[in-house]
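Below, each value reflects all heavy atoms present in this structure, side chains not excepted, and no hydrogens, waters or symmetry copies.
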Amino acid sequence: MSTTAVTIVSAVIWIAVSREVVKPTKMINRKKMITLLSAGTLSTLIITISLFQNLSFFR
């Protein structure tokens, strides 16, 4: 999977997280929020590792 695709998916996930956060407290779906935060964190970690592996001074 290319880094570009993961980056786009990650951006969409974080947009969904931000839309969920602005809802009133009683309307926030806790399970959805935990799932989105976990997926966003994982995708960001994948992007970070991928970018560090592509840096020339680590080879």
Side-chain angles (χ1 to χ4, degrees):
M1 187 186 285
S2 74
T3 305
T4 305
V6 176
T7 303
I8 292 169
V9 170
S10 182
V12 170
I13 291 170
W14 285 113
I15 290 169
V17 169
S18 66
R19 292 178 64 105
E20 190 72 19
V21 167
V22 297
K23 290 182 181 178
T25 306
K26 292 182 181 181
M27 292 183 63
I28 293 177
N29 182 345
R30 187 172 176 85
K31 185 177 180 181
K32 180 179 178 182
M33 186 64 135
I34 290 170
T35 303
L36 286 171
L37 284 170
S38 298
T41 302
L42 180 63
S43 65
T44 303
L45 184 63
I46 290 169
I47 293 167
T48 304
I49 291 169
S50 174
L51 291 173
F52 271 104
Q53 285 179 344
N54 290 332
L55 291 176
S56 63
F57 59 86
F58 281 116
R59 293 181 185 183

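- A distance of 12.0 Å separates CD1 of Ile8 from CD1 of Ile13, quoted to the nearest 0.5 Å.
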> Under the side-chain contact (heavy atoms from CB on, under 4.5 Å) criterion, do Val9 and Trp14 qualify, and how do the steps go?
Replying inline: CA-CA 9 Å; Val9 170; Trp14 285 113; over 6 Å; no

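- Hydrophobic clustering (ILVMFWY, side-chain heavy atoms < 4.5 Å, transitive): Val6 and Leu42 are in one cluster.
- At a threshold of 4.5 Å between non-hydrogen side-chain atoms, the residues Ile47 and Ser10 count as touching.
- Ser50 OG to Leu45 CG: the interatomic distance, rounded to the nearest 0.5 Å, is 11.0 Å.
- Linking ILVMFWY residues whenever their side-chain heavy atoms come closer than 4.5 Å, directly or via other members, places Val21 and Leu36 in the same cluster.
- Counting only distance, with no hydrogens or angles, the side chain of Ser38 and the backbone of Ile34 share a donor-acceptor pair below 3.5 Å.
- To the nearest 0.5 Å, the span separating CZ on Arg30 from CD on Glu20 amounts to 12.0 Å.
- Each of Leu37, Thr35, Asn29 was compared with Met33 under the side-chain contact (heavy atoms from CB on, under 4.5 Å) criterion, and only Leu37 meets it.
- Other residues, nucleotides and ligands contribute at most 12 non-hydrogen atoms within 6.0 Å of the NZ atom of Lys32.
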